[in-house]
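Remember, it's a predicted structure, so these values are computed and weren't measured experimentally.
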Amino acid sequence: MGHPHGSTGHAGGPAQQAPGERDPLAAFLWRLSEAVGVSGHEEGVAALVALQLSGLADEVRTDRLGNCIALRRGQPATEDRRFSVMFAAHMDEIGMLVNGIEKGGFLRVAAVGGTNVQTLLGQRVVVHTDGGPLPGVIGLKPPHLTSEEERKKFPKWEELFVDCGLTEEEARQRIVVGDVITIAQSPQQLMQGRFAGKALDNRASVAALAEAMRHLHRLRHDADVFAVATVQEEVGLRGAAVGAFAVNPDVAVAIDVTFARQRLVSEEVVELGKGPAIATGPNFHPRIFERLVAAAKEHGVAYQVEVIPGRSGTDAWAIQVSQAGIPTGLVSVPLRYMHSPVEVVDLSDIRQTGRLLASFVAGLRREDVEALTRWEVGADEH
(Lines give C-alpha, C1' and ligand atoms only; values in the text may rest on other atoms or scores of the structure.)
Protein backbone atom coordinates (compact mmCIF):
# COMPACT_ATOMS: atom_id res chain seq x y z
CA MET A 1 0.00 0.00 0.00
CA GLY A 2 1.26 3.46 -0.85
CA HIS A 3 1.66 6.10 1.83
CA PRO A 4 1.64 9.90 1.84
CA HIS A 5 5.21 9.88 3.25
CA GLY A 6 4.34 12.81 5.51
CA SER A 7 3.71 15.09 2.55
CA THR A 8 2.52 18.54 3.56
CA GLY A 9 1.64 19.88 0.13
CA HIS A 10 -0.20 18.93 -3.04
CA ALA A 11 -0.21 19.48 -6.75
CA GLY A 12 -1.21 22.90 -7.96
CA GLY A 13 0.00 26.20 -6.63
CA PRO A 14 -1.78 27.95 -3.78
CA ALA A 15 -4.48 30.47 -4.65
CA GLN A 16 -2.82 32.91 -2.26
CA GLN A 17 0.59 33.30 -0.73
CA ALA A 18 0.79 31.60 2.67
CA PRO A 19 0.50 34.09 5.53
CA GLY A 20 3.75 35.22 7.09
CA GLU A 21 4.76 34.53 10.66
CA ARG A 22 3.43 37.96 11.66
CA ASP A 23 0.21 35.99 12.15
CA PRO A 24 1.55 32.70 13.53
CA LEU A 25 -1.92 31.23 14.04
CA ALA A 26 -2.92 31.75 10.40
CA ALA A 27 0.47 30.46 9.25
CA PHE A 28 0.15 27.30 11.35
CA LEU A 29 -3.44 26.69 10.26
CA TRP A 30 -2.36 27.13 6.62
CA ARG A 31 0.27 24.40 7.04
CA LEU A 32 -2.20 22.15 8.85
CA SER A 33 -4.82 22.53 6.13
CA GLU A 34 -2.34 21.74 3.36
CA ALA A 35 -0.99 18.69 5.20
CA VAL A 36 -2.02 15.18 4.18
CA GLY A 37 -3.57 13.21 7.02
CA VAL A 38 -6.39 10.91 5.91
CA SER A 39 -7.48 8.60 8.75
CA GLY A 40 -4.77 6.00 9.29
CA HIS A 41 -2.15 8.14 7.52
CA GLU A 42 -1.66 11.09 9.87
CA GLU A 43 2.15 11.02 10.08
CA GLY A 44 2.70 14.31 8.24
CA VAL A 45 0.23 16.19 10.42
CA ALA A 46 1.66 14.62 13.58
CA ALA A 47 5.12 15.88 12.60
CA LEU A 48 3.78 19.44 12.20
CA VAL A 49 2.01 19.29 15.55
CA ALA A 50 5.05 17.85 17.34
CA LEU A 51 7.24 20.62 15.94
CA GLN A 52 4.72 23.30 16.97
CA LEU A 53 4.34 21.97 20.51
CA SER A 54 7.99 21.08 21.14
CA GLY A 55 8.83 24.52 22.54
CA LEU A 56 5.64 24.70 24.62
CA ALA A 57 5.77 21.33 26.38
CA ASP A 58 8.17 19.41 28.59
CA GLU A 59 7.98 16.36 26.37
CA VAL A 60 6.37 15.32 23.10
CA ARG A 61 5.90 11.75 21.93
CA THR A 62 3.89 9.66 19.49
CA ASP A 63 2.11 6.53 20.70
CA ARG A 64 1.79 3.24 18.83
CA LEU A 65 -1.46 4.23 17.10
CA GLY A 66 -0.03 7.58 15.94
CA ASN A 67 -1.47 10.04 18.48
CA CYS A 68 0.83 13.00 19.14
CA ILE A 69 0.96 13.56 22.91
CA ALA A 70 2.56 16.66 24.45
CA LEU A 71 2.93 16.98 28.21
CA ARG A 72 3.30 20.27 30.04
CA ARG A 73 3.90 19.59 33.73
CA GLY A 74 2.10 21.59 36.39
CA GLN A 75 3.69 23.44 39.28
CA PRO A 76 1.60 22.55 42.35
CA ALA A 77 2.77 23.73 45.76
CA THR A 78 3.17 20.12 46.90
CA GLU A 79 3.32 16.80 45.07
CA ASP A 80 0.04 15.59 46.56
CA ARG A 81 -1.73 18.45 44.79
CA ARG A 82 -0.80 17.12 41.35
CA PHE A 83 -3.52 16.03 38.91
CA SER A 84 -3.89 15.83 35.13
CA VAL A 85 -6.02 17.35 32.38
CA MET A 86 -6.21 16.02 28.84
CA PHE A 87 -7.07 18.13 25.81
CA ALA A 88 -7.92 16.08 22.71
CA ALA A 89 -8.33 17.34 19.14
CA HIS A 90 -8.37 14.92 16.22
CA MET A 91 -5.97 15.62 13.38
CA ASP A 92 -7.17 13.15 10.73
CA GLU A 93 -9.20 14.15 7.70
CA ILE A 94 -11.70 12.47 5.40
CA GLY A 95 -10.47 11.30 2.02
CA MET A 96 -10.37 8.37 -0.37
CA LEU A 97 -8.41 5.24 -1.25
CA VAL A 98 -7.71 3.71 -4.64
CA ASN A 99 -10.13 0.79 -4.90
CA GLY A 100 -9.17 -0.54 -8.33
CA ILE A 101 -7.55 0.25 -11.68
CA GLU A 102 -9.76 -0.08 -14.73
CA LYS A 103 -9.30 -0.24 -18.47
CA GLY A 104 -8.03 3.09 -19.75
CA GLY A 105 -6.11 3.79 -16.54
CA PHE A 106 -9.12 5.13 -14.62
CA LEU A 107 -9.05 4.63 -10.84
CA ARG A 108 -12.02 3.45 -8.80
CA VAL A 109 -12.22 5.04 -5.34
CA ALA A 110 -13.54 4.22 -1.86
CA ALA A 111 -14.45 6.70 0.86
CA VAL A 112 -12.53 7.11 4.12
CA GLY A 113 -14.79 8.65 6.75
CA GLY A 114 -17.78 10.81 5.84
CA THR A 115 -16.55 11.96 2.46
CA ASN A 116 -19.42 13.64 0.60
CA VAL A 117 -19.96 12.64 -3.02
CA GLN A 118 -21.67 15.99 -3.69
CA THR A 119 -18.39 17.85 -3.15
CA LEU A 120 -16.19 15.63 -5.34
CA LEU A 121 -17.39 15.96 -8.92
CA GLY A 122 -14.91 17.88 -11.06
CA GLN A 123 -12.38 18.29 -8.24
CA ARG A 124 -8.61 18.17 -8.61
CA VAL A 125 -7.03 15.45 -6.47
CA VAL A 126 -3.66 14.01 -5.55
CA VAL A 127 -2.91 10.29 -5.50
CA HIS A 128 -0.18 9.63 -2.93
CA THR A 129 1.99 6.78 -4.19
CA ASP A 130 5.27 5.25 -3.06
CA GLY A 131 6.88 7.02 -6.01
CA GLY A 132 5.50 10.41 -5.03
CA PRO A 133 2.27 12.38 -5.49
CA LEU A 134 0.41 12.17 -8.79
CA PRO A 135 -2.07 14.86 -9.87
CA GLY A 136 -5.48 13.77 -11.04
CA VAL A 137 -9.08 14.84 -11.48
CA ILE A 138 -12.40 13.28 -10.56
CA GLY A 139 -14.14 12.93 -13.87
CA LEU A 140 -17.82 13.33 -14.54
CA LYS A 141 -20.23 12.62 -17.34
CA PRO A 142 -20.86 15.73 -19.49
CA PRO A 143 -24.35 17.22 -19.09
CA HIS A 144 -24.91 16.80 -22.87
CA LEU A 145 -24.73 13.01 -22.39
CA THR A 146 -26.62 12.86 -19.11
CA SER A 147 -30.26 11.79 -19.04
CA GLU A 148 -32.89 13.83 -17.23
CA GLU A 149 -33.17 11.09 -14.61
CA GLU A 150 -29.39 11.03 -14.04
CA ARG A 151 -29.35 14.79 -13.51
CA LYS A 152 -31.72 14.42 -10.55
CA LYS A 153 -29.35 12.39 -8.43
CA PHE A 154 -25.71 12.23 -7.39
CA PRO A 155 -23.55 9.34 -8.63
CA LYS A 156 -22.89 6.31 -6.47
CA TRP A 157 -19.38 5.70 -5.15
CA GLU A 158 -18.87 2.85 -7.60
CA GLU A 159 -19.53 5.33 -10.43
CA LEU A 160 -16.80 7.78 -9.37
CA PHE A 161 -13.38 7.60 -11.00
CA VAL A 162 -10.06 9.46 -10.95
CA ASP A 163 -8.22 10.29 -14.16
CA CYS A 164 -4.46 10.85 -13.76
CA GLY A 165 -3.80 10.99 -17.50
CA LEU A 166 -2.10 7.59 -17.45
CA THR A 167 -2.63 4.56 -19.63
CA GLU A 168 -3.76 1.39 -17.88
CA GLU A 169 -0.24 -0.03 -18.05
CA GLU A 170 1.31 3.15 -16.63
CA ALA A 171 -1.31 3.34 -13.90
CA ARG A 172 -0.64 -0.25 -12.81
CA GLN A 173 3.10 0.47 -12.72
CA ARG A 174 2.81 3.62 -10.57
CA ILE A 175 -0.33 3.14 -8.48
CA VAL A 176 -1.48 0.31 -6.20
CA VAL A 177 -4.83 -0.43 -4.66
CA GLY A 178 -4.90 1.26 -1.24
CA ASP A 179 -3.03 4.42 -2.23
CA VAL A 180 -4.43 7.50 -0.49
CA ILE A 181 -6.27 10.19 -2.45
CA THR A 182 -6.83 13.74 -1.19
CA ILE A 183 -8.49 16.83 -2.63
CA ALA A 184 -6.00 19.31 -4.13
CA GLN A 185 -7.35 22.38 -2.36
CA SER A 186 -5.14 25.20 -1.15
CA PRO A 187 -6.23 27.32 1.83
CA GLN A 188 -7.56 30.83 1.36
CA GLN A 189 -7.86 33.76 3.72
CA LEU A 190 -11.24 35.38 3.25
CA MET A 191 -12.44 38.79 4.40
CA GLN A 192 -13.06 39.76 8.05
CA GLY A 193 -10.63 37.19 9.50
CA ARG A 194 -12.30 34.19 7.90
CA PHE A 195 -10.19 31.26 6.70
CA ALA A 196 -11.19 28.57 4.17
CA GLY A 197 -9.62 25.25 3.28
CA LYS A 198 -9.82 21.50 3.41
CA ALA A 199 -9.49 19.49 6.64
CA LEU A 200 -10.37 22.38 8.95
CA ASP A 201 -12.46 19.66 10.55
CA ASN A 202 -10.53 19.28 12.71
CA ARG A 203 -7.23 21.09 12.06
CA ALA A 204 -8.89 24.29 13.32
CA SER A 205 -9.13 22.64 16.73
CA VAL A 206 -5.55 21.38 16.52
CA ALA A 207 -4.55 25.02 16.03
CA ALA A 208 -6.69 25.93 19.07
CA LEU A 209 -4.90 23.21 21.04
CA ALA A 210 -1.56 24.82 20.20
CA GLU A 211 -2.98 28.24 21.14
CA ALA A 212 -3.98 26.86 24.55
CA MET A 213 -0.49 25.49 25.13
CA ARG A 214 1.00 28.84 24.08
CA HIS A 215 -1.07 30.64 26.71
CA LEU A 216 -0.27 28.04 29.36
CA HIS A 217 3.43 28.58 28.66
CA ARG A 218 3.01 31.96 30.37
CA LEU A 219 0.69 30.83 33.17
CA ARG A 220 1.17 28.95 36.41
CA HIS A 221 -1.06 25.89 36.68
CA ASP A 222 -1.27 22.95 39.08
CA ALA A 223 -2.40 20.41 36.48
CA ASP A 224 -0.19 18.29 34.30
CA VAL A 225 -1.62 19.10 30.87
CA PHE A 226 -1.64 16.47 28.13
CA ALA A 227 -2.32 18.01 24.71
CA VAL A 228 -3.24 15.10 22.44
CA ALA A 229 -3.70 15.34 18.68
CA THR A 230 -5.65 12.16 18.05
CA VAL A 231 -5.88 9.91 15.00
CA GLN A 232 -8.74 8.09 13.27
CA GLU A 233 -11.63 10.07 14.74
CA GLU A 234 -13.40 10.13 11.39
CA VAL A 235 -13.56 6.33 11.31
CA GLY A 236 -14.52 5.58 14.91
CA LEU A 237 -12.83 7.74 17.62
CA ARG A 238 -9.99 5.23 17.80
CA GLY A 239 -7.16 7.59 18.70
CA ALA A 240 -9.17 9.15 21.52
CA ALA A 241 -10.04 5.74 22.98
CA VAL A 242 -6.40 4.65 23.00
CA GLY A 243 -5.03 8.03 24.13
CA ALA A 244 -7.48 8.43 27.00
CA PHE A 245 -6.82 4.90 28.23
CA ALA A 246 -3.05 5.51 28.25
CA VAL A 247 -3.10 9.01 29.76
CA ASN A 248 -6.00 8.26 32.15
CA PRO A 249 -6.47 11.94 33.07
CA ASP A 250 -8.51 13.22 35.98
CA VAL A 251 -10.34 15.64 33.65
CA ALA A 252 -10.62 15.89 29.87
CA VAL A 253 -11.87 18.38 27.30
CA ALA A 254 -12.34 17.38 23.67
CA ILE A 255 -11.94 20.11 21.06
CA ASP A 256 -13.77 19.79 17.77
CA VAL A 257 -15.73 21.82 15.24
CA THR A 258 -19.47 22.30 15.08
CA PHE A 259 -21.98 23.49 12.50
CA ALA A 260 -21.99 27.26 12.09
CA ARG A 261 -24.95 29.18 10.73
CA GLN A 262 -24.97 29.34 6.96
CA ARG A 263 -27.52 29.74 4.22
CA LEU A 264 -30.20 27.02 4.22
CA VAL A 265 -29.15 25.76 7.66
CA SER A 266 -31.27 26.13 10.82
CA GLU A 267 -30.78 29.30 12.83
CA GLU A 268 -30.51 27.21 16.00
CA VAL A 269 -26.85 26.47 15.31
CA VAL A 270 -23.96 28.63 16.55
CA GLU A 271 -22.39 31.50 14.60
CA LEU A 272 -18.96 32.33 13.23
CA GLY A 273 -17.06 35.04 15.09
CA LYS A 274 -18.97 34.77 18.37
CA GLY A 275 -16.56 32.48 20.18
CA PRO A 276 -16.33 28.74 20.82
CA ALA A 277 -19.37 26.63 21.62
CA ILE A 278 -19.39 24.96 25.04
CA ALA A 279 -21.47 21.79 24.89
CA THR A 280 -24.00 20.58 27.42
CA GLY A 281 -25.71 17.19 27.44
CA PRO A 282 -25.25 13.64 28.77
CA ASN A 283 -21.88 13.17 27.05
CA PHE A 284 -20.45 15.99 29.16
CA HIS A 285 -19.95 16.37 32.88
CA PRO A 286 -22.23 19.18 34.10
CA ARG A 287 -19.55 20.61 36.40
CA ILE A 288 -17.02 20.70 33.57
CA PHE A 289 -19.58 22.67 31.56
CA GLU A 290 -20.14 25.03 34.50
CA ARG A 291 -16.41 25.61 35.02
CA LEU A 292 -15.82 26.26 31.31
CA VAL A 293 -18.63 28.83 31.29
CA ALA A 294 -17.31 30.40 34.50
CA ALA A 295 -13.78 30.63 33.04
CA ALA A 296 -15.15 32.30 29.90
CA LYS A 297 -17.07 34.88 31.92
CA GLU A 298 -14.19 35.59 34.30
CA HIS A 299 -11.65 36.15 31.53
CA GLY A 300 -13.89 37.91 29.03
CA VAL A 301 -13.90 35.11 26.47
CA ALA A 302 -16.81 35.18 24.05
CA TYR A 303 -18.65 31.87 24.04
CA GLN A 304 -21.83 30.16 22.87
CA VAL A 305 -23.75 27.22 24.35
CA GLU A 306 -24.48 24.14 22.27
CA VAL A 307 -27.05 21.58 23.41
CA ILE A 308 -26.21 18.00 22.39
CA PRO A 309 -28.85 15.71 23.89
CA GLY A 310 -27.32 12.42 22.73
CA ARG A 311 -24.21 11.10 21.02
CA SER A 312 -21.80 13.92 20.23
CA GLY A 313 -19.84 12.08 17.54
CA THR A 314 -16.64 13.62 18.92
CA ASP A 315 -13.62 12.35 20.84
CA ALA A 316 -15.55 13.19 24.02
CA TRP A 317 -17.79 10.18 23.36
CA ALA A 318 -14.85 7.76 23.69
CA ILE A 319 -12.98 9.63 26.42
CA GLN A 320 -15.95 9.85 28.80
CA VAL A 321 -16.16 6.05 29.28
CA SER A 322 -12.43 5.26 29.28
CA GLN A 323 -10.99 3.38 32.25
CA ALA A 324 -13.32 3.97 35.24
CA GLY A 325 -14.87 7.04 33.62
CA ILE A 326 -13.37 10.50 32.97
CA PRO A 327 -15.23 13.78 33.62
CA THR A 328 -15.27 15.24 30.11
CA GLY A 329 -16.27 18.45 28.38
CA LEU A 330 -16.46 19.60 24.77
CA VAL A 331 -15.46 22.95 23.27
CA SER A 332 -16.11 23.43 19.55
CA VAL A 333 -14.95 25.90 16.91
CA PRO A 334 -17.86 27.03 14.67
CA LEU A 335 -17.35 25.92 11.05
CA ARG A 336 -19.29 26.28 7.80
CA TYR A 337 -19.54 23.74 4.96
CA MET A 338 -18.38 20.75 7.01
CA HIS A 339 -16.82 17.80 5.15
CA SER A 340 -16.20 19.83 2.03
CA PRO A 341 -12.96 21.19 0.47
CA VAL A 342 -13.99 24.74 1.40
CA GLU A 343 -14.67 24.57 5.12
CA VAL A 344 -14.70 28.06 6.67
CA VAL A 345 -13.75 29.18 10.18
CA ASP A 346 -13.15 32.51 11.90
CA LEU A 347 -9.63 32.91 13.26
CA SER A 348 -10.97 34.86 16.25
CA ASP A 349 -12.95 31.77 17.34
CA ILE A 350 -9.76 29.71 17.35
CA ARG A 351 -7.95 32.34 19.41
CA GLN A 352 -10.83 32.52 21.90
CA THR A 353 -10.88 28.74 22.17
CA GLY A 354 -7.20 28.69 23.11
CA ARG A 355 -7.74 31.39 25.75
CA LEU A 356 -10.74 29.57 27.19
CA LEU A 357 -8.91 26.25 27.54
CA ALA A 358 -5.86 27.84 29.15
CA SER A 359 -8.01 29.85 31.59
CA PHE A 360 -9.96 26.73 32.49
CA VAL A 361 -6.79 24.83 33.38
CA ALA A 362 -5.16 27.73 35.24
CA GLY A 363 -8.19 28.00 37.50
CA LEU A 364 -8.38 24.31 38.44
CA ARG A 365 -7.24 23.05 41.83
CA ARG A 366 -7.01 19.58 43.31
CA GLU A 367 -10.20 20.03 45.36
CA ASP A 368 -12.08 21.08 42.22
CA VAL A 369 -11.11 17.85 40.51
CA GLU A 370 -12.07 15.77 43.53
CA ALA A 371 -15.49 17.45 43.54
CA LEU A 372 -16.04 16.33 39.95
CA THR A 373 -16.11 12.68 40.99
CA ARG A 374 -18.13 13.15 44.18
CA TRP A 375 -21.85 12.92 43.49
CA GLU A 376 -24.04 13.98 46.39
CA VAL A 377 -27.66 12.90 46.40
CA GLY A 378 -30.10 14.92 48.51
CA ALA A 379 -32.48 13.26 50.94
CA ASP A 380 -35.46 13.94 48.68
CA GLU A 381 -33.75 12.66 45.53
CA HIS A 382 -33.92 9.12 44.17
When you compare the side chain of [Y] with that of [X], does any pair of heavy atoms fall below 4.5 Å?
{"X": "L160", "Y": "P155", "value": "yes"}
{"X": "P135", "Y": "R124", "value": "no"}
{"X": "F284", "Y": "P327", "value": "no"}
{"X": "L32", "Y": "V49", "value": "yes"}
{"X": "I181", "Y": "L97", "value": "no"}
{"X": "V126", "Y": "L134", "value": "no"}
{"X": "S39", "Y": "E234", "value": "yes"}
{"X": "K274", "Y": "Q352", "value": "no"}

Does R218 CZ have over 12 foreign heavy atoms under 6.0 Å away?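 Enclosed.
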
For E169, I'd like to know if atom CD has over 12 heavy atoms of other residues, nucleotides or ligands within 6.0 Å.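 Not buried by this count: 12 neighbours or fewer within 6.0 Å.
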
Polar side chain donor-acceptor pair, [X] to [Y], under 3.5 angstrom:
{"X": "Q320", "Y": "N283", "result": "yes"}
{"X": "T230", "Y": "N67", "result": "no"}
{"X": "D201", "Y": "H339", "result": "yes"}

Side-chain ion pair, [X] and [Y], N-O less than 4.0 Å:
{"X": "E211", "Y": "R355", "result": "no"}
{"X": "E34", "Y": "K198", "result": "no"}
{"X": "R365", "Y": "E370", "result": "no"}

Nearest-0.5 Å distance, [atom1] of residue [X] to [atom2] of residue [Y]:
{"X": "L51", "Y": "R31", "atom1": "CG", "atom2": "CZ", "value": "7.5 Å"}
{"X": "F360", "Y": "I278", "atom1": "CZ", "atom2": "CD1", "value": "10.0 Å"}
{"X": "S312", "Y": "L237", "atom1": "OG", "atom2": "CG", "value": "7.5 Å"}
{"X": "R174", "Y": "I101", "atom1": "CZ", "atom2": "CD1", "value": "12.0 Å"}
{"X": "C68", "Y": "E42", "atom1": "SG", "atom2": "CD", "value": "11.5 Å"}

Which residues pass the side-chain hydrogen bond (donor to acceptor under 3.5 Å, both in side chains) test with [X], not counting sequence neighbours?
{"X": "Q173", "value": "none"}
{"X": "E170", "value": "T167"}
{"X": "S205", "value": "N202"}
{"X": "R82", "value": "E79, D224"}

How does the hydrophobic cluster around F226 look, that is, which other residues are in it when side-chain heavy atoms under 4.5 Å mark a link?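 When side chains under 4.5 Å apart are linked, the cluster holding F226 also contains I69, L71, M86, V228, V247, I319, I326.
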
Pairs in or reaching into residues 153-168: which pass salt bridge (Lys or Arg N to Asp or Glu O under 4.0 Å), with residues at least two apart or in two chains?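 Listed by first then second residue: E168-R172.
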
Kindly state each residue pair satisfying salt bridge (Lys or Arg N to Asp or Glu O under 4.0 Å) with at least one member in residues 332-352, sequence neighbours excluded.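 Pairs touching residues 332-352 that pass the test: D23-R351, R194-D346.
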
Listed pairs under 3.5 Å, donor-acceptor, residues 251-265 side chains, sequence neighbours left out:
residue, atom, partner, partner atom, Å
T258, OG1, E306, OE1, 3.3
T258, OG1, E306, OE2, 2.5
R261, NH1, E271, OE2, 3.4
R261, NH2, E267, O, 2.7
Q262, OE1, Y337, N, 3.1

Sort and list the pairs that fulfil side-chain hydrogen bond (donor to acceptor under 3.5 Å, both in side chains) and have at least one residue in residues 101-113, not counting sequence neighbours.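 Residue pairs with at least one partner in residues 101-113: E102-R108.
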
Under the side-chain hydrogen bond (donor to acceptor under 3.5 Å, both in side chains) rule, what pairs show up with a residue in residues 49-60, not counting sequence neighbours?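 For residues 49-60: E59-R73.
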
Out of T115, V162, V127, which one pairs with V109 under the side-chain contact (heavy atoms from CB on, under 4.5 Å) rule?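 It is V162; the other options fail the test.
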
What ring-ring contact (aromatic ring centres under 6.0 Å, His included) pairs are there with at least one residue in residues 76-123, not counting sequence neighbours?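 Matches after skipping sequence neighbours: F106-F161.
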
For D63, what residues pass the salt bridge (Lys or Arg N to Asp or Glu O under 4.0 Å) criterion, not counting sequence neighbours?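 Listed in chain order: nothing, the list is empty.
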
